[in-house]
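One is the number of the first residue; the rest follow in order along the sequence.
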Amino acid sequence: QVQVVESGGGLVQAGGSLRLACTISGLNFDDYTMGWFRQAPGKEREGVSCIARKTGTTHYADSVKGRFTISRDNAKNTHYLQMNSLKPEDTAMYYCAADRWRVCSGSNLKDNNWDRWGQGTQVNVSS
């Protein structure tokens, strides 16, 4: 049984940092492209970042470039999203996603039909 568990959300002041983690069990982690998405109240879910399964190639939404960093530790079946210089507009529920067949690309970040999803972790940034 595949389990996708996010952690690391919370409340932080603008300018602060958080690190989200996503641990996935029940599948061969190395074979999956990993991604982070977010959904703010009243808005559609949007892709934030992804990291490729073999090359470690990364991609970021323009809104987070230079502030967020995605990484993965295949030995721990975990990938991370380091979020720095947080802004109130980063407030959202953040979801971890994984897909065996997608490549990490801007177009795939715009597509919400990834294979595996976590339940989400809430990030609140106060001004």
Side-chain angles (χ1 to χ4, degrees):
Q1 182 178 356
V2 177
Q3 288 190 316
V4 182
V5 180
E6 301 104 330
S7 62
L11 173 64
V12 65
Q13 287 188 331
S17 298
L18 284 173
R19 189 176 81 152
L20 306 183
C22 174
T23 300
I24 305 179
S25 59
L27 52 74
N28 191 350
F29 189 86
D30 297 17
D31 289 342
Y32 283 71
T33 296
M34 300 295 169
W36 287 97
F37 292 74
R38 67 186 181 185
Q39 188 167 19
K43 294 187 177 181
E44 293 186 353
R45 188 175 297 187
E46 63 171 346
V48 174
S49 182
C50 59
I51 184 166
R53 53 183 172 266
K54 298 295 186 184
T55 64
T57 300
T58 59
H59 188 87
Y60 298 92
D62 288 343
S63 59
V64 307
K65 276 181 184 176
R67 300 188 297 121
F68 290 11
T69 303
I70 192 171
S71 61
R72 63 190 294 162
D73 186 339
N74 290 346
K76 295 182 178 180
N77 283 11
T78 300
H79 74 283
Y80 306 93
L81 186 68
Q82 177 67 43
M83 305 186 295
N84 298 330
S85 302
L86 282 161
K87 304 175 181 180
E89 51 264 44
D90 294 318
T91 293
M93 184 72 79
Y94 282 71
Y95 296 92
C96 164
D99 198 294
R100 185 171 183 183
W101 306 112
R102 293 177 186 274
V103 298
C104 175
S105 67
S107 59
N108 276 329
L109 276 182
K110 292 181 172 66
D111 183 350
N112 286 329
N113 293 318
W114 285 48
D115 186 34
R116 306 288 182 177
W117 290 90
Q119 294 300 307
T121 185
Q122 181 67 38
V123 171
N124 291 311
V125 184
S126 64
S127 56

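Counting heavy atoms from C-beta on, the side chains of Arg72 and Arg53 come closer than 4.5 Å. With a 4.5 Å cut-off on side-chain heavy atoms, Asn108 and Thr33 do not count as touching. Taking the side chain as every heavy atom from C-beta outward, Trp36 and His79 approach each other to under 4.5 Å. In this structure, the side chains of Tyr60 and Thr69 come closer than 4.5 Å at one or more pairs of heavy atoms. Put simply, the side chain of Met83 does not reach to within 4.5 Å of the side chain of Asp90, judged on heavy atoms. Residues Phe29 and Lys76 fail the side-chain proximity criterion, which asks for heavy atoms closer than 4.5 Å.
The CD atom of Gln119 lies 10.5 Å from the CD atom of Gln3; values are rounded to the nearest 0.5 Å. Atom-to-atom distance recorded for Gln13:CD and Ser127:OG is 9.0 Å, nearest 0.5 angstrom. Taken to the nearest 0.5 Å, the CZ atom of Phe68 stands 8.0 Å off from the CG atom of Leu20. Distance check: Arg116 CZ to Met34 CE gives 11.0 Å after rounding to the nearest 0.5 Å. In this structure, CZ on Arg38 lies 8.0 Å from CD on Glu89, to the nearest 0.5 angstrom.
Remark: side-chain polar atoms of Gln82 are not paired, donor with acceptor, to backbone N or O of Arg19 under 3.5 angstrom. When atom types are taken as modelled, the side chain of Arg67 and the backbone of Ser85 share a donor-acceptor pair closer than 3.5 angstrom. Put simply, the side chain of Gln39 never gets that close to the backbone of Ala92: no donor and acceptor are under 3.5 Å apart. Between the side chain of Glu6 and the backbone N or O of Thr121, no donor-acceptor pair lies under 3.5 Å. Put simply, the side chain of Ser49 gets close to the backbone of His59: a donor and an acceptor are under 3.5 Å apart.
Neither Val103 nor Leu27 shares a network with the other; the hydrophobic side chains, linked directly or stepwise wherever heavy atoms of I, L, V, M, F, W or Y lie under 4.5 Å apart, form separate groups for each. Ile70 and Tyr94 fall within a single hydrophobic cluster, where Ile, Leu, Val, Met, Phe, Trp and Tyr side chains are chained together by heavy-atom contacts under 4.5 Å. The hydrophobic clustering, which links ILVMFWY residues whose side-chain heavy atoms are closer than 4.5 Å, places Tyr95 and Leu18 apart. Both Leu86 and Leu81 are assigned to one and the same hydrophobic cluster, defined by single-linkage of ILVMFWY side chains at heavy-atom distances under 4.5 Å. Val64 and Val125 fall within the same hydrophobic cluster, where Ile, Leu, Val, Met, Phe, Trp and Tyr residues are linked whenever their side-chain heavy atoms come under 4.5 Å apart, directly or through other members.
Nearest heavy atoms, Ile24 versus Cys96: CD1-SG, 4.3 Å. In terms of heavy-atom proximity, Thr78 sits nearest to Ala21 at CG2-CB, 4.2 Å. Nearest heavy atoms, Cys22 versus Val4: SG-CG1, 3.7 Å. The minimum heavy-atom distance linking Ala61 with Gly47 is given by the pair CB-O, 3.5 Å. In plain terms, the two heavy atoms of Gly26 and Val2 that are nearest each other are O-CG2, 3.5 Å. In terms of heavy-atom proximity, Ala52 sits nearest to Cys104 at N-CB, 3.8 Å.
Remark: the Asn124 side chain and the Thr91 side chain contain no N/O donor-acceptor pair separated by less than 3.5 Å.
Ion pairing of Asp62 with Lys65 is present here, as a side-chain N (NZ or NE/NH1/NH2) and a carboxylate O approach within less than 4.0 Å.
For Phe37 and Trp114, the ring centers sit closer than 6.0 Å to each other.
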Exercise for the section: Could you walk me through whether Arg102 and Asp115 pass the salt bridge (charged side-chain N to carboxylate O under 4.0 Å, His left out) test, one step at a time? Expected result: CA-CA 9 Å; Arg102 293 177 186 274; Asp115 186 34; over 6 Å; no
Exercise for the section: For side chain to side chain donor-acceptor pair (under 3.5 Å), just list the numbers for Thr23 and Asn77, CA-CA rounded to whole Å, side-chain angles, deciding distance to a tenth of an Å, and then say yes or no. Expected result: CA-CA 6 Å; Thr23 300; Asn77 283 11; over 6 Å; no
